[in-house]
K.L.:
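Handing you a structure now.
Since this is a predicted model, take the numbers as computed values, not measurements.
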Amino acid sequence: HTLSMSADVDNPGARAFTFEQLSQAYYNQARGLMDGGADLLMLETVFDALNAKAAIFAIETLFAERGMRLPVIVSSTLTSSGRTLAGQTIEAFYTSVAHAEPLAVSLNCSFGAKALLPYLERLAAVSEFRVAVYPNAGLPNVMGGYDETPAMFAADVEEYMRRGLVNLVGGCCGTTPDHIRKVAEVLKDVPLTLPPKVKPFTALTSRTKTVFIGDDYAPVKIGERINPTGRKKMREDIQKGSFVSVKKEGLAEVAAGADVLDVNMGVPGIDQREAMETVISQLSMLCPVPLSIDSTDPAVLERALKVYPGRPLINSVNGADDEILEKVLKLAKTYGAAVLCLPLEKGNLPKTADERIRIAAAIIDKALKAGLRKEDLLLDPLVLTIGSSDTGARETLKTISLYKKEFGLPCVMGTSNVSFGLPARPRINAAFLTMAFACGMNAPIINPLDKDIQDAFINARLLLGF
């Protein structure tokens, strides 16, 4: 069974079991292994990143209860498509489980050793951890046996090591003690491979896609239209428990080129936890792009994180409430989410870039102390309407530039806020967006159906060389 895919063709949000049920099953297994004296825990033959996240949650819970840790290896298996059974690419799977900080990320089973080579190259290109592999002795023949001899198998594994792609090797289906002995013999004179040196990157993933965000990548479109604020029809549908308009908006945004969808369920009088869980479950099946969970309520966020089959963005955290900030940062670490940091503090709506830098620095410091990495963090420069301040847009643009200078982190902003209450909003938004790109904006939250915004993106990608 998979947590990521629907168990009912008529209901994209249906699942055969829950995150809690699967996590409990993994907890029981891990507890037995630790009671039996295991030296290492391996999550192997994983075909769904969300299943792996449930296992990681269980293991971390057990480690916390016992006040001790064991090394953990997370190992995925691939289908003939080169993806997991649930549809994840190598990069999406790795990014979704990297928060576990494992001893190694691995591939096992899948194919023969030679056929796994291109996928190990891709894994080694993104992994900051050791890379492990234990392939099959080829694919099964018509009789269900395996034809690769120990010498053939060992020669292919040796190629991994000579290329410096892997640090740990073994064998899976069809391999025998003779295969492993031959590998040990062949590798005895091959120098040890150090863990790869990979440049850190920030990325979001869906069930099937990875979106990289930062100065080395093309600007990313985050769609803003799944938000009931000011949208009567969507709000009324959500209040009735219907999410048809939400799904239509999401699909329309993807068709218009959105790379990420922001999802907000801020409707008075509903159970926002249940609504967000339902929508995230359905959209993650219907839409190929990553999602941004737009809420500051830890309870809403956790329900969504338990059903999200990848690495989402939490939109957002701020410094206005230390208790909520601490809870949300812990959730991000536990479930492997990226976090958007908004420079607000209690009783203070900062008007100047210098104030925003100070607040952002404090939030970043708390995030790092909570166990998050710098690549888990994105920064919002705080966009205020120019209708209330002549210098508001200027200070936002200055904040983006200072963010890049001081922190070097990706920037995300709610673009349309700048024109709130003004006429000719699309033109103002597009002009402001173009100026923001010049200052280092990476992933604005926008209306991807807006022609002026579409043109601004086309021009920005051309001028920035993407």
K.L.:
Are side-chain heavy atoms of Val126 and Thr210 found at a separation under 4.5 Å?
P.N.:
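A side-chain contact is absent here, since even the closest heavy-atom pair is not under 4.5 Å.
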K.L.:
Count the heavy atoms of every other residue, nucleotide or ligand shown that sit under 6.0 Å from CE of Met435, and state whether that count exceeds 12.
P.N.:
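No, the 6.0 Å shell around CE holds no more than 12 heavy atoms from other groups.
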K.L.:
Mind checking whether Thr399 and Leu382 have side chains closer than 4.5 Å, heavy atoms only?
P.N.:
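Not touching, per the 4.5 Å side-chain cut-off.
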K.L.:
Between Asp8 and Arg15, is there a side-chain N and carboxylate O pair less than 4.0 Å apart?
P.N.:
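No, this pair does not count.
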K.L.:
Does NZ or CZ of Lys221 lie under 6.0 Å from the centre of the six-membered ring of Phe457, at an angle within 45° of the ring axis?
P.N.:
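Cation-pi check for Lys221 and Phe457: passes.
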K.L.:
Determine yes or no for a side-chain-to-main-chain donor-acceptor pair under 3.5 angstrom, with Lys374 supplying the side chain and Phe407 the backbone.
P.N.:
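Yes; at least one donor-acceptor contact below 3.5 Å.
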K.L.:
Looking only at the side chains, is there a donor atom on one of Asn108 and Thr45 sitting less than 3.5 Å from an acceptor on the other?
P.N.:
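Short answer, yes.
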K.L.:
Okay, side chain of Arg311, backbone of Ala203: is any donor-acceptor separation there less than 3.5 Å?
P.N.:
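Yes; judged by distance alone, with no hydrogens or angles, the pair exists.
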K.L.:
Quick one: closest heavy-atom pair of Ala30 and Ile59, and the distance?
P.N.:
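Shortest heavy-atom separation between Ala30 and Ile59 comes out as CB-CG1, 4.2 Å.
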K.L.:
Identify the heavy atoms of Ala258 and Pro448 that sit nearest to each other, and give their distance.
P.N.:
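Heavy atoms of Ala258 and Pro448 come nearest at CB-CG, 4.1 Å.
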K.L.:
Pick out which of Asp376, Leu313, Leu372 makes a side-chain contact (heavy atoms from CB on, under 4.5 Å) with Val339.
P.N.:
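For Val339, the side-chain contact (heavy atoms from CB on, under 4.5 Å) test succeeds with only one of Asp376, Leu313, Leu372, which is Leu372.
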K.L.:
Taking the side chain as C-beta and beyond, is there a heavy-atom pair between Val263 and Ile280 under 4.5 Å?
P.N.:
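A side-chain contact under 4.5 Å exists here.
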K.L.:
Under the side-chain contact (heavy atoms from CB on, under 4.5 Å) test, which residues partner Ala218, sequence neighbours left out?
P.N.:
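Expected list: Arg461, Phe466.
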K.L.:
With Ser110 as reference, evaluate Leu139, Leu116, Thr84 under the side-chain contact (heavy atoms from CB on, under 4.5 Å) test and give the passing residue.
P.N.:
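For Ser110, the side-chain contact (heavy atoms from CB on, under 4.5 Å) test succeeds with only one of Leu139, Leu116, Thr84, which is Leu116.
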K.L.:
Any heavy-atom pair between the side chains of Pro135 and Cys172 that's under 4.5 Å?
P.N.:
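Contact flag for Cys172/Pro135 side chains = no.
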K.L.:
Would you call Arg122 and Glu91 a salt bridge, taking side-chain N to carboxylate O under 4.0 Å as the test?
P.N.:
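Yes, this pair counts.
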K.L.:
Thinking salt bridges, do Arg358 and Glu345 make one under a 4.0 Å N-O criterion?
P.N.:
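Between Glu345 and Arg358 there is a salt bridge, with a charged N closer than 4.0 Å to a carboxylate O.
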K.L.:
Should the pair Arg225-Glu249 be classified as a salt bridge under the 4.0 Å nitrogen-to-oxygen rule?
P.N.:
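Judged by the 4.0 Å cut-off on N to carboxylate O distance, Arg225 and Glu249 do form a salt bridge.
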K.L.:
For the pair Phe19 and Phe57, name the ring-plane relationship: parallel under 30°, tilted 30 to 60°, perpendicular over 60°.
P.N.:
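Ring orientation, 0 to 90° scale: perpendicular.
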K.L.:
Under a 4.5 Å cut-off applied to non-hydrogen side-chain atoms, are Tyr403 and Met441 in contact?
P.N.:
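Not in contact.
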K.L.:
On a heavy-atom basis, which atom in Gly440 and which in Ile400 lie closest, and how many Å separate them?
P.N.:
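Gly440 and Ile400 have their closest heavy atoms at C-CG2, 3.8 Å.
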K.L.:
Using the side-chain hydrogen bond (donor to acceptor under 3.5 Å, both in side chains) rule, pick out the option among Lys333, His99, Arg69 that qualifies with Glu60.
P.N.:
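With Glu60 as partner, Lys333, His99, Arg69 yield a single side-chain hydrogen bond (donor to acceptor under 3.5 Å, both in side chains), made by Arg69.
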K.L.:
Quick check: are there more than 12 heavy atoms from other residues, nucleotides or ligands sitting under 6.0 Å from CG of Asp365?
P.N.:
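Atom CG in Asp365 is packed in, count exceeds 12.
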K.L.:
Please check if the number of heavy atoms outside Lys404 that lie under 6.0 Å from its NZ is greater than 12.
P.N.:
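It does: Lys404 NZ has more than 12 such atoms within range.
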K.L.:
Decide yes or no on side-chain hydrogen bond (donor to acceptor under 3.5 Å, both in side chains) for Gln88 and Thr208, but give the supporting numbers first.
P.N.:
CA-CA 5 Å; Gln88 281 111 7; Thr208 58; over 6 Å; no
K.L.:
For a 4.5 angstrom cut-off between non-hydrogen side-chain atoms, does Val72 reach Leu40?
P.N.:
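In short, these two side chains do not touch, never coming nearer than 4.5 Å.
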K.L.:
Is there a donor-acceptor contact under 3.5 Å from the side chain of Thr396 to the main chain of Gly392?
P.N.:
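Yes; judged by distance alone, with no hydrogens or angles, the pair exists.
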K.L.:
Answer yes or no: are there more than 12 heavy-atom neighbours, outside Glu326 itself, under 6.0 Å from its atom CD?
P.N.:
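Not buried by this count: 12 neighbours or fewer within 6.0 Å.
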K.L.:
Under the side-chain contact (heavy atoms from CB on, under 4.5 Å) test against Met234, which residue among Val246, Thr229, Asn227 passes?
P.N.:
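Testing Met234 for a side-chain contact (heavy atoms from CB on, under 4.5 Å) against Val246, Thr229, Asn227 leaves exactly one candidate, Val246.
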K.L.:
Taking everything shown except Arg273 itself, do over 12 heavy atoms lie less than 6.0 Å from its CZ?
P.N.:
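Open: at most 12 neighbouring heavy atoms sit under 6.0 Å from CZ of Arg273.
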K.L.:
Assess whether atom CZ of Phe420 is packed by more than 12 heavy atoms of other residues, nucleotides or ligands within 6.0 Å.
P.N.:
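Open.
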K.L.:
Does atom CD of Glu274 have more than 12 heavy-atom neighbours, drawn from other residues, nucleotides or ligands, at distances under 6.0 Å?
P.N.:
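No - once you tally the heavy atoms of other residues, nucleotides and ligands closer than 6.0 Å, there are 12 at most.
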K.L.:
Is the Phe201 to Tyr217 ring centre distance short of 6.0 Å?
P.N.:
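No: the rings miss the under 6.0 Å criterion.
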K.L.:
Using a cut-off of 6.0 Å, state whether more than 12 heavy atoms not belonging to Glu323 lie near its atom CD.
P.N.:
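No, not enclosed.
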K.L.:
Could you walk me through whether Glu128 and Arg373 satisfy the salt bridge (Lys or Arg N to Asp or Glu O under 4.0 Å) test, starting with their C-alpha distance in whole Å, then the side-chain angles of each, then the deciding distance to 0.1 Å, before giving a yes or no?
P.N.:
CA-CA 12 Å; Glu128 66 178 289; Arg373 306 162 299 166; 2.7 Å; yes
K.L.:
So which heavy atom on Pro312 is nearest to which on Leu305, and how close?
P.N.:
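In this case the closest contact between Pro312 and Leu305 is CG-CD2, 3.6 Å.
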K.L.:
I'd like to know if Glu277 and Lys306 make a salt bridge, using a cut-off of under 4.0 Å between side-chain N and carboxylate O.
P.N.:
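Here Glu277 does not pair with Lys306 in a salt bridge, since their nearest N and O are not under 4.0 Å apart.
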